[in-house]
Each structure stands twice: as C-alpha cells, then as structure tokens.
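These notes are about the structure you will find just below.
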There are 2 protein chains.
Amino acid sequence: MQGESSQEPNRARQRRDGVRLADVAAAAQVSTPLASRVLNADPNVRAADETKARVLEAAERLGYVPNIGARTLRQRRTGLLGLVVHNLSSPIYLDLLQGARTEAAANNYFLVLGDVDELLTDEEAYRILVNGKRIDGLIVQGGHGEFDQRIADIAHALPTVIVNAPPTLTETVAPLVAPDEGAATRMLTEHLLALGHTRIGLISGPRDSPTNQLRVEGVRAALASAGCALHDVDTVHLTWSAEAGHAGLRELATRWGNSSTRPTALIAGNSLIGIGMLRAAAELGIEVPRDLSIAAVHDTWISEHLVPALTTVSLPLREMGETAVRLLLTDRPEAQQIIISDPPPLLHARATTATN
Amino acid sequence: MQGESSQEPNRARQRRDGVRLADVAAAAQVSTPLASRVLNADPNVRAADETKARVLEAAERLGYVPNIGARTLRQRRTGLLGLVVHNLSSPIYLDLLQGARTEAAANNYFLVLGDVDELLTDEEAYRILVNGKRIDGLIVQGGHGEFDQRIADIAHALPTVIVNAPPTLTETVAPLVAPDEGAATRMLTEHLLALGHTRIGLISGPRDSPTNQLRVEGVRAALASAGCALHDVDTVHLTWSAEAGHAGLRELATRWGNSSTRPTALIAGNSLIGIGMLRAAAELGIEVPRDLSIAAVHDTWISEHLVPALTTVSLPLREMGETAVRLLLTDRPEAQQIIISDPPPLLHARATTATN
DNA sequence: TGGTCATGATAAATCGATTGTTCACACATA
DNA sequence: TATGTGTGAACAATCGATTTATCATGACCA
C-alpha cells in the first residue's frame with residue numbers, strides 16, 4: 001500500500017508556492033544578492049547591461065514578487081500608511097481619503113483605515129498600530145482636546161502627520177496639513193456681505209473644537225472689517241452633523257419668535273450642517289434664499305444637488321491627503337505647518353444665497 | 001579625543017528600538033519558544049500557571065508587541081484584508097466599508113483600500129496585491145462584464161469574497177455576499193402600487209450592469225403581479241450617479257412633452273439617482289410628490305435630509321461588509337452564495353411618495 | 001612586469017517569531 | 001529496582017530578502 005503518497009498527492013507544491021528571489025537568481029545565473037540589487041536598481045551595481053537584463057527577464061518570466069514579510073522584517077518598513085479619521089461613515093472625509101489613497105498608490109504604498117475612537121478606546125488596536133510598527137506612518141485627524149496628548153505619544157513613536165487641526169498644539173509635535181480656514185470663512189462671509197447682509201448668524205460644530213474656533217474666528221474677522229459683529233444670540237454650537245444643523249436652525253427660530261430683528265443670513269460650519277438647516281427651513285416655512293440666505297463651509301459633492309443648491313466654499317481636502325502622504329514618504333517629516341493654499345478656497349455661489 | 005563616542009552618543013539604542021520576544025523570555029526566565037506559546041495561548045502548553053503569569057506579566061510590563069514582519073514571514077499571513085470597490089469617492093459604499101472595518105478590527109485585522117479601476121489598469125498594483133501575498137484575503141465588488149475574468153484569476157490566487165454581484169458568474173469562482181435585490185425592489189414597487197400608482201417608470205444604472213438587471217427584474221416581477229408592466233418608454237439607463245438621475249428625468253420629460261399619459265411614479269436605481277431626479281423635478285416645475293412620486297433603491301444617510309425626504313428601501317450594506325470579512329476569516333471560503341436576509345430590506349416611506 | 005588600487009560579485013550574517021524535533025525528567029508498572 | 005511511557009520544555013531549523021564584510025578579478029601605474 002502506498003497510503004502516504006496517495007493521501008497527499010501534491011505535497012511538494014504544498015509548502016512554497018511563490019517564486020523566491022533565489023529562484024530568479026538561479027534562473028539568471030547570478031547570486032541572490034546581485035539579483036536583489038539589480039531588481040532594486042541599486043546605483044552601486046555596475047554589472048554588465050546584459051547581466052542586468054538577464055535578471056530582469058528572469059524575474060518577469062517567473063512572475064517574481066518580493067515576499068512582503070521578509071522585506072518588512074529586514075528593512076523595517078511595511079509599505080503601509082495609516083489613515084485615522086473621526087467618523088469613517090461621514091462623507092466629509094471621502095476626498096481626503098481619495099487624495100491620500102491616490103498618492104500612496106502612486107508610490108506603491110497602501111492605506112489602512114482606522115477610527116479615532118477606536119484608537120482612543122481600544123488599547124489593543126493602539127498597540128498594534130503604534131508600537132507594533134504595523135505601518136510606516138500615520139495620518140491622523142486632530143483637533144480634539146483630550147486626544148491631543150495621545151497624538152503626541154503617537155507622533156513620538158511613529159512618523160505622523162496631523163490633518164485639519166489647529167496650529168497651536170502641533171507646533172512641536174508633528175507636521176500639520178490644514179486648509180486655510182481663515183481665508184475660506186472670510187470668503188464666505190464677504191460673499192454674504194457683498195449681497196447686502198449685515199446681520200449674519202452661525203450654526204457650527206462644538207464650541208471648543210479648534211476647527212470651529214478657526215472658522216468662527218474667520219467669520220468674526222470678516223464681519224469686523226465690514227463694521228459688523230457676530231452676536232451670541234445668532235450663534236448655535238452643536239455637532240458637525242446634519243441633525244445638528246436641523247436642530248440648530250429650529251433653536252434659532254425659537255429664539256427669534258415673532259420678532260422681526262433677526263439675521264438675514266446664516267453660515268453653516270460645514271455642508272452637513274447646511275443640509276440640516278435647509279430641511280429645518282423648509283419645515284419652518286422659511287423660504288431660502290428669499291427669507292434667509294444660507295452658506296456653508298466645506299463643499300461636498302452633495303451641495304450642488306440639493307434643492308436649492310447650497311452655496312459653499314470648498315476646502316482642498318484632496319490636496320491635503322496628497323500632501324500628507326507626500327510628507328510621510330519623502331523625508332522624515334519635521335514639525336512644520338503646511339497650509340494648503342493651492343488651490344485656494346473656492347467660492348461656489350449657488351442658490352441658497354441672494355441679495356438682502 | 002573621543003570623537004566617535006561623542007558623535008554618536010546613543011548609538012546603542014539606534015539599532016533596535018522594539019522589545020523582542022527574546023527580551024520577554026529573558027525577563028520571564030523561560031525559553032523563547034515557550035514564551036511564544038504562552039502568548040499565543042497554545043493549548044498544548046501545560047506550563048505552571050505561575051510560569052505563564054510570569055511571561056504575560058513580562059510582556060505587559062515591557063510593552064511587547066510581536067514584530068509583524070517576522071510573524072508574516074513565518075506564518076505567511078499578513079493580518080490585512082483588501083477591500084476594493086468601484087469608486088471610493090462614492091458615498092454609496094461607506095456602510096459597506098464601515099461594516100467590514102468594524103468586523104476586521106474585532107479580529108485584530110486591518111483593512112487596506114483599493115480601487116477597482118486601479119486593479120484593472122495598474123499591473124503593478126495587481127501583482128503586489130494578488131501575487132505578493134500582501135493581504136490574506138480580498139473583498140471585491142463584482143458585477144462588471146470585462147472584469148469578471150480578472151476576478152476569477154484573483155480568486156484563484158487568493159481567498160476572495162465577491163460583494164454585490166450577480167449570482168451567475170460567481171458560482172464556481174468565489175463566495176458571494178449580496179443583498180436580496182429582488183425583495184428590495186419588490187418592496188419598493190409594491191409600496192408605489194399600494195399608493196395607487198399603476199404606471200411606474202424607472203431611471204437606473206447601466207442597462208448591462210448585473211445589479212441593474214436584478215433591480216429591473218424585481219420591479220418587473222412586482223408590477224406583473226399587480227397586472228401592470230414596465231414600458232421601455234418609461235425607462236432610462238445611464239450611470240449610478242446623481243448627474244445621471246438629473247439627466248434621466250429631463251430625458252423622460254422630453255419624451256412626455258405635453259402628453260398627459262405618463263407615469264405617476266418613478267423608481268430610482270439608487271439614492272444618488274434619486275437625488276438627481278429631485279433636482280431635475282424642481283427645475284422642470286414638477287412638484288414631488290403631488291405631480292410625481294419618486295422612490296429609490298438603496299437608502300443612504302442623505303435620503304432623510306433631502307427636501308422632500310426621499311422614500312427608499314435600505315440594503316444591508318453594513319451586514320454585507322461584516323459577513324464578507326467573517327467569511328474570509330473563519331474558514332477557507334467555499335464558493336457559496338450568501339444573500340443577506342437579516343436584516344431584510346426595510347422600506348423607508350418618506351415624503352417623495354404619495355397616493356396617486 | 002610586479003604591485004597596488006579600484007571595482008564589483010559572492011559568502012555569510014541578520015532581521016524576529018514560530019514550529020518540528022529532540023531531550024530530559026518524573027511517574028508508574030513490572 | 002529497572003525499564004517503559006508520557007509530558008512538557010529546550011534546541012535548532014526555518015521563513016526570504018537584504019546588507020555588511022570579505023574576496024577575487026581586472027586595470028592601471030610605477
């Protein structure tokens with residue numbers, strides 16, 4: 001009986017199915033290290049062109065692909081970058097993701113996705129990601145009080161780029177890539193001012209959120225330049241969601257009551273909030289833009305499809321993603337602040353804003 | 001002069017900064033293999049509980065994290081899963097992504113993102129991902145004619161789960177995870193029928209798209225059960241985008257002209273199309289739902305925030321992501337078809353549909 | 001023509017965790 | 001008491017690419 005051989009007919013192929021560098025080298029009749037150097041285009045190798053060609057041809061013919069594990073073990077780099085944002089389900093960061101992914105792919109890097117909350121709560125995930133050298137670098141969305149210390153820890157252990165955070169805390173921690181929030185909100189506010197609005201309100205994200213503070217700051221500055229002011233009574237701070245926009249406008253409407261002294265225009269902290277505001281306006285019988293103009297920071301794909309189409313100012317999210325990846329890949333990122341000014345914030349004047 | 005030592009004061013820490021398994025073993029006064037087995041909870045190890053505790057304590061105290069490269073090299077698994085969809089910028093797949101990521105994270109796996117087009121066009125990316133064993137498994141969105149052969153190739157080289165594709169081609173290729181398209185579209189159609197609509201039209205994605213065919217099929221079946229039919233003249237097939245919905249409704253309006261014989265309700269192939277239709281309706285002076293009811297397949301977060309809020313039927317995208325990951329992680333996936341029926345498609349009757 | 005230097009290819013070590021194999025010890029039975 | 005069996009831990013090999021150190025060869029100069 002030949003039980004063994006019949007039980008495992010193809011045991012030989014079982015073990016290693018891939019083509020090793022050694023196989024390529026053997027096929028090209030060179031040593032393994034030389035093959036490695038040729039394939040990695042080591043400039044110190046001055047082998048005959050014919051030899052190089054033989055190696056490349058053999059690699060191509062055998063379909064050689066370097067073993068990731070071995071390379072990672074030796075070189076201590078994984079070819080992976082982490083991208084950690086606050087809410088993966090939010091459409092707000094799709095452009096950031098897209099930009100980062102494209103730039104990463106162009107350099108044969110891959111992106112792994114993380115969630116900020118997970119990094120905060122799941123100690124295991126934190127360890128694997130940060131201490132385990134699972135990724136070569138991390139792009140993390142910043143701007144959250146209790147989280148800042150954690151980011152500092154991470155940045156200490158791993159090349160890190162912070163995205164979309166206030167410049168203050170990042171100065172010595174990690175490089176920052178951010179949009180020109182001031183220019184964007186100023187542009188939006190000036191658009192409303194130019195339309196003749198003088199009393200302008202605001203519904204935005206958490207009051208303490210640094211991003212919110214930057215945006216409010218921009219609005220204030222632009223209003224001040226025109227001799228106007230931002231009144232607390234015209235301001236609501238909740239979250240960055242559509243629900244918050246909805247609740248926010250209802251809150252303002254309650255404050256207004258039947259009084260005729262109220263803002264003629266409102267700024268939304270982001271386009272999600274703007275969407276919620278449009279819905280609330282419809283429910284309340286407020287006609288936009290006749291009774292109220294609405295303009296939102298942070299354009300998204302949806303803005304132009306709304307009825308009425310939402311006036312926004314676009315932030316260079318895609319470029320931020322690209323830049324963040326480039327920072328991580330080029331040189332060891334020094335702590336610096338990069339405000340993306342190309343392209344500059346762009347005003348999309350649509351149907352929700354009109355002359356007062 | 002002690003130039004050397006002053007030039008590199010902390011050279012000792014330079015080389016290896018991580019804690020190795022050997023360090024843990026030394027600290028716990030056991031051998032490296034034993035430490036490995038204890039940390040991996042090998043059931044064959046019956047070391048004294050005290051010994052085990054010492055190993056675990058040492059690992060904890062030193063902050064040990066296994067080196068990914070070494071583990072990958074030895075075990076031939078990367079702890080990564082690939083997720084490849086058609087358009088990462090599309091908000092349609094956020095729930096799928098979220099579900100897959102959550103389930104992966106629960107098993108200490110990470111997700112790397114890919115783009116279908118890239119996999120088609122970039123030979124390099126294909127090689128790295130598929131042949132390079134960079135990931136342990138792949139979730140890929142299927143349902144595209146010329147791409148199906150490629151998926152078969154991939155599935156041959158790598159554990160693969162196809163998401164959201166027609167059952168036909170996947171039978172022998174890889175397991176499939178899909179929503180119950182038939183039930184969903186039937187539910188939507190019956191909702192319109194129940195409201196008294198008898199002539200119902202459709203604007204959907206590419207005619208040849210298998211997903212589209214399933215959805216159209218469902219509509220046809222439900223209409224047939226009620227003694228109605230789907231007329232070609234009431235049907236437009238473009239893409240899955242909001243722009244397509246916009247263009248589609250304008251096309252239908254042109255066909256209708258001044259004739260009063262036209263559908264009283266339209267079904268949108270997905271909610272993006274529905275959004276575009278709402279905008280076109282507003283432009284054309286068609287009041288929804290008074291003049292025309294609109295209902296869309298595939299609920300997304302935006303539907304309820306539109307004005308008027310879009311009636312939809314939700315697909316279990318999140319559960320599909322979870323299931324796909326679970327399939328890849330549990331056992332080697334056999335070719336099978338899993339239609340997610342829990343939760344079942346859920347009708348969200350909102351403001352865009354009304355009695356005829 | 002012999003010696004030295006430059007150049008590039010090869011040999012051997014390395015990265016760190018895992019796993020098949022061997023070994024030692026203890027207990028039980030003859 | 002001696003041998004056999006079983007159990008659990010240590011030894012050593014392995015995964016595959018990279019890189020340092022070593023060696024051989026050729027050229028060029030004296």
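Within every chain, numbering begins at 1; the chains are lettered A, B, ... in the order of the sequence lines, protein sequences first and strands thereafter.
Residues satisfying the side chain to side chain contact (heavy atoms under 4.5 Å, CB included) test with B/Ala70, not counting sequence neighbours, are A/Leu73, B/Asn67. Among residues two or more places apart in sequence or in another chain, the salt bridge (Lys or Arg N to Asp or Glu O under 4.0 Å) test is passed with A/Arg71 by none. Judged as a salt bridge (Lys or Arg N to Asp or Glu O under 4.0 Å), and not counting sequence neighbours, B/Asp117 has no contacts. Applying the side chain to side chain contact (heavy atoms under 4.5 Å, CB included) rule to A/Ile68 yields the partners A/Thr72, B/Arg134; only residues at least two apart in sequence or on another chain are considered. Residues forming a side-chain hydrogen bond (donor to acceptor under 3.5 Å, both in side chains) with A/Arg54 (at least two apart in sequence, or on another chain): A/Glu50. Under the rule for a side-chain hydrogen bond (donor to acceptor under 3.5 Å, both in side chains), A/Gln98 has no partner lying at least two apart in sequence or in another chain. By the side-chain hydrogen bond (donor to acceptor under 3.5 Å, both in side chains) test, B/Arg101 pairs with A/Glu118, sequence neighbours left out. Residues forming a side-chain hydrogen bond (donor to acceptor under 3.5 Å, both in side chains) with B/Glu57 (at least two apart in sequence, or on another chain): B/Arg61.
The separation between A/Arg77 atom CZ and D/dG16 atom P is 19 Å, rounded to whole Å. Rounded to an integer number of Å, the gap from A/Arg20 CZ to D/dT18 C1' is 15 Å. Rounding to whole angstrom units, CZ of residue A/Arg54 and C1' of C/dA9 are separated by 13 Å. As rounded to whole Å, 9 Å separates atom C1' of C/dG16 from atom CZ of A/Arg76. Per the geometry, CD1 belonging to A/Ile128 stands 14 Å off P belonging to C/dA17, to the nearest Å. Per the geometry, CG belonging to B/Asp42 stands 11 Å off P belonging to D/dA9, to the nearest Å. In this entry the distance linking CG of A/Asn40 with P of D/dA17 reads 11 Å, nearest Å. A/Leu39 places its CG atom 14 Å from the C1' atom of D/dG16, with the value rounded to the nearest Å.
End-to-end axis angle of the helix from C/dT1-D/dA30 to C/dA30-D/dT1, using five pairs per end and rounding to 10°, comes to 60°.
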Donor-acceptor pairs are to be reported for all side-chain atoms of residues 105-114 of chain B against protein atoms at under 3.5 Å, with residues two or more places apart or in another chain.
| from | atom 1 | to | atom 2 | distance (Å) |
| --- | --- | --- | --- | --- |
| B/Tyr109 | OH | B/Arg77 | NH1 | 2.9 |
| B/Tyr109 | OH | B/Asp136 | OD2 | 3.2 |

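Mapping B/Gln75 and A/Thr32 onto DNA chain C by nearest heavy atom places A/Thr32 at the nucleotide closer to the 5' end.
A close approach under 4.0 Å does not occur between any side-chain nitrogen or oxygen of B/Ser31 and OP1 or OP2 of D/dA9. Here A/Ser36 does not reach the OP1 or OP2 of D/dA17: none of its side-chain N or O atoms lies under 4.0 Å away.
Under a 4.0 Å N-O distance rule, the pair A/Asp153/A/Arg150 does not qualify as a salt bridge.
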Tabulate protein N/O versus nucleotide N/O from nucleotides 20-23 of chain C, keeping only pairs under 3.5 Å, one per line.
| from | atom 1 | to | atom 2 | distance (Å) |
| --- | --- | --- | --- | --- |
| C/dG20 | O6 | B/Arg37 | NH2 | 3.1 |

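Only A/Tyr64, A/Asn67, A/Ala70, A/Arg71, A/Leu73, listed by number, bring a heavy atom of residues 56-73 of chain A to less than 4.0 angstrom from any atom of DNA chain D.
Annotation: side chain of A/Ile340 is in contact with side chain of A/Val177 (closest heavy-atom distance under 4.5 Å).
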